[in-house]
Amino acid sequence: MPELPEVETVRRMLATTVVGRTIRAVRLSGAALRERIPGSLARRLRGLRFTGTDRHGKYLLLHLDAGVTLLSHLGMSGRWLFFPVAPQAGLPHVHARVQLADGAELWFQDPRRFGLLRLVATTRLGDDRALAALGPDPVTAPLSAADFRARAHGTRVSVKSFLLDQRRLAGLGNIYASEILFRAGVDPRRRAGVLRPAEWEAIAAAVPVVLAEALERMGTTFSTYRTIWNEPGQFAERLAVYDRAGEPCRRCGTPIRRIVQGQRSTFFCPGCQARGSRGRPARGAPMGT
DNA sequence: ATCCTATCCTGTAGGC
DNA sequence: TGCCTACAGGATAGGA
């Protein structure tokens, strides 16, 4: 469930905690994540200092001196946990323990092991196959309605599936795709290739608003996601549609529906996201349907 | 090229 | 109470 707001929350926190600190040693579990972590990763990180952070979509980049970047992806259940003092007790599913020179520790925990840890030369980030495949990041490179429309031209997939495709737009996952379409008043079942300009306008406007609100509350926690201080995000209570099947829409009272698209749940309000609507009015405006 | 499905994995919720 | 199954969804390989 970590999507852009969750990863950005983690990035900001790591920027104020680990940047400037030096790695004394790295211990690996030996378990394979999305791909196997080579033992050389621990050896290459030893003695390096964190110099900065970046994020592209759901990928988190921790830059170190010596021209090395530690690329990570949280997958479904991954967490970076920071401990100012090394804990006495261990935790299950910790795949990397980064021991810092001052005694603090940074752990990568991932029960389901869909996550990723990889070292990349800082100057060759553009060549990395995972990063190279990503579309623009909607926070660092916001897309206009015209951009969306151009990217969707000719595609037959639903607008929900379109928003989830990291090659087209990097950072949205299942939660925020549904939330953004609700905010925009667009039916998730509509084909992305035939949306009208007004609908793309509504989507382009909704993306930064929904992401900013989620980021302000440190993201959405259902069960697994935590910040580096092991705190849950607070956006779950603000969700308009996600995981609210059968509950009344907060705006019009219509029961929220759950459907399956591309083997994933989609949640939407049949009242506010009517098929063929032009995008609903801005929040607070008269309903008009 | 584009789209769709199955796969990886574990914790948890629900049924019986 | 306890066992079993289904489900959650990140990315991606491979097939249609």
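Predicted, not measured: the structure shown is a model, and the values here were computed from it. Each chain gets a letter, A, B and so on, in the order the sequences are listed, and its residues count up from 1.
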* How are the rings of A/F82 and A/W229 set to each other: parallel, tilted or perpendicular (split at 30° and 60°)? -> perpendicular
- prompt: When you check the gap from the basic side-chain N to the acidic O, do A/R226 and A/E231 get nearer than 4.0 Å?
  reply: no
Ranking A/G154 and A/P111 by the position along DNA chain B of their nearest nucleotide, the one closer to 5' is A/G154
Identify all pairs in which a protein N or O lies below 3.5 Å from an N or O of nucleotides 14-16 of chain C, and state each distance.
none

note: A/H56, atom NE2; C/dG10, atom P; distance rounded to Å ~ 17 Å
At a 4.0 Å cut-off to heavy atoms of chain A, the contacted part of DNA chain B spans B/dC3 to B/dG11
- For nucleotides C/dG14 and B/dC9, find the distance between their P atoms and express it as a whole number of Å. 16 Å
Answer yes or no: does a side-chain N or O of A/R258 lie under 4.0 Å from OP1 or OP2 of C/dC7? no
Taking atom types as modelled, is there a side-chain donor on A/T51 or A/D65 under 3.5 Å from an acceptor on the other? no
State whether A/R244 and A/E179 are salt-bridged, where the test is any N-O pair (Lys NZ or Arg NE/NH1/NH2 against Asp/Glu carboxylate O) under 4.0 Å. no
Whole-Å distance, A/F114 CZ to C/dA8 C1', equals 10 Å
Item checked: A/D137 and A/R55 ion-paired at < 4.0 Å -> yes
Under a 4.0 Å heavy-atom cutoff, the residues of residues 168-179 of chain A touching DNA chain C are A/G173, A/N174
Here the distance between atom P of C/dA8 and atom CD of A/Q261, to the nearest Å, is 14 Å
Sorted by chain and number, sequence neighbours left out, salt bridge (charged side-chain N to carboxylate O under 4.0 Å, His left out) with A/R168 holds for A/D165
Hey, can you pull the donor-acceptor pairs under 3.5 Å for the side chains in residues 20-27 of chain A, sequence neighbours left out?
unit_1, atom_1, unit_2, atom_2, d
A/R21, NE, A/T17, O, 2.7
A/R21, NH1, A/D102, OD2, 2.5
A/R27, NE, A/Q99, OE1, 3.4

* Is the gap between the ring centers of A/H73 and A/Y59 under 6.0 Å? -> yes
Got a salt bridge between A/E35 and A/R118, using NZ or NE/NH1/NH2 to carboxylate O under 4.0 Å?
-> yes
On DNA chain B, more 5' by nearest nucleotide between A/S161 and A/R264 is A/S161
**Prompt:** Is A/T155 touching bases, backbone alone, or none of the nucleic acid, heavy atoms closer than 4.0 Å?
**Reply:** sugar-phosphate
So the stems of DNA chain C, runs of at least three Watson-Crick or G-U pairs (under 3.5 Å), are B:2-8 with C:10-16, B:10-16 with C:2-8
Exercise. Taking the six-membered ring for Trp and the full ring for Phe, Tyr or His, determine whether the centres of A/W200 and A/F162 are under 6.0 Å apart.
Key: yes
Between CD of A/Q263 and C1' of C/dC7 the distance, given in whole Å, is 12 Å
Between CZ of A/R129 and P of C/dA11 the distance, given in whole Å, is 14 Å
